[in-house]
Amino acid sequence: PPANLPPLMARAPTPAPPACTRLGSQCKGLKVVLRASSAYARPGGGDHEATWLFGHTERLTFGQSWVDDEDLFVQASIHVPCKHLETRPGGKARCRAHGFEGGMPKDLPRPTQPRQLGGERFRVIQRGRVADLPLPVPRPRRVLRVLSDENPCATARCRTADNTIGSACCRDLQIEIMCDKGWTYREALIRSRKSPYLCKVHRDDEASLEAELISACAYLSETDGVSCTLHGRRRPNGGQAKPDLCRRWPKPTTDETLHPGCVFARPAGAGV
């Protein structure tokens, strides 16, 4: 940047493209290992976190999972293409970074991943494993309900960075990708994904990268696309079926970055 540009306005250097040698599956998506939860010190302790992550199937497919000490890991595929991939007429493709040309690479396999199984059955994580469970809505004990249990986000005009309106928090998530600091090619592949579908990649430690991914939750209602079908349901042990972090609404005075149109966003100029 120019020498007189203030430091806060200076742009971060553009990351170098990955050192690929040809067009391939890496152009269309990536196979990775994600940390699904770090709360398995006790059996089932991370089921809420894992159910939340495994629910976001729009651009994620999940494979084998395993528990290691307190962590639950899962093999996954991220279905976000490389930003350097250029589509050409006639099913052809070109890499804008290296100039490779050829047929359009195939997508990574995308098996169906149902989370709503019909009736009151859902696919969730139970004791660290995928399980199909009946998750009924308890019958109300009182005819009149004093306190509302409605989802305040169900009718919000919030939107994600790709301008999809409604339930933005159910479409936008943070993921942790296991990627050692020495895996420079793997890191370059991750950082080269098409924004905003996978973006804001940063490294907090030597073992993993964090990133923001747009991938809608499969527990959203198939009828209206914004309501949560787990809302109000109970697990067989009586606990809430809906993941904990989906039930803790932020305070209206929060200083966190909120999606445009969020019901909890403070009006411009509002005090704390």
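All heavy atoms count here, side chains included; hydrogens, waters and symmetry mates do not.
Side-chain contact between L198 and L30: absent, with no pair of heavy atoms (C-beta onward) separated by less than 4.5 Å. The shortest distance between side-chain heavy atoms of Q75 and W66 falls below 4.5 Å. In this structure, the side chains of V201 and R193 stay at 4.5 Å or more apart for every pair of heavy atoms. Counting heavy atoms from C-beta on, the side chains of Q240 and R235 never come closer than 4.5 Å. With a 4.5 Å cut-off on side-chain heavy atoms, V130 and I125 count as touching. Looking at R171 and L220, their side chains come closer than 4.5 Å, going by heavy atoms from C-beta outward. Taking the side chain as every heavy atom from C-beta outward, L133 and P236 approach each other to under 4.5 Å. With a 4.5 Å cut-off on side-chain heavy atoms, Q26 and P18 do not count as touching.
In R127, the CZ atom is not crowded: 12 or fewer heavy atoms of neighbouring residues, nucleotides or ligands sit closer than 6.0 Å. Other residues, nucleotides and ligands place no more than 12 heavy atoms under 6.0 Å from the CZ atom of R157. E222 CD: 12 or fewer foreign heavy atoms inside a 6.0 Å radius. For CZ of R88, the number of neighbouring non-hydrogen atoms (other residues, nucleotides, ligands) closer than 6.0 Å is greater than 12.
The side-chain hydrogen bond (donor to acceptor under 3.5 Å, both in side chains) search around T164 returns D162, not counting sequence neighbours.
Residue pairs meeting the salt bridge (charged side-chain N to carboxylate O under 4.0 Å, His left out) criterion with at least one partner in residues 18-32, sequence neighbours excluded, are K28-D107. Contacts classified as side chain to side chain donor-acceptor pair (under 3.5 Å) and involving residues 115-124 (residues at least two apart or in different chains) are given here: R123-D132.
Proximity of a side-chain donor or acceptor of Y185 to a complementary backbone N or O of C20 within less than 3.5 Å is not detected. Between the T229 side chain and the Y219 main chain, a donor and an acceptor come within less than 3.5 Å of each other. Between the side chain of T160 and the main chain of A168, no donor-acceptor pair closer than 3.5 Å is present. S192 places a side-chain N or O within 3.5 Å of a backbone atom of L189 that can act as its donor or acceptor partner. A side-chain donor-acceptor contact under 3.5 Å links Q113 to the backbone of F62. Panel note: side chain R59, backbone V80; no donor-acceptor pair is recorded below 3.5 Å. Checking side-chain atoms of S215 against main-chain N and O of H56 turns up a donor-acceptor pair under 3.5 Å.
The structure places OG1 of T51 at 8.0 Å from CG of L230, a figure rounded to the nearest 0.5 Å.
For the pairing with R35, the salt bridge (Lys or Arg N to Asp or Glu O under 4.0 Å) check across D69, D68, D71 returns one residue only, D71.
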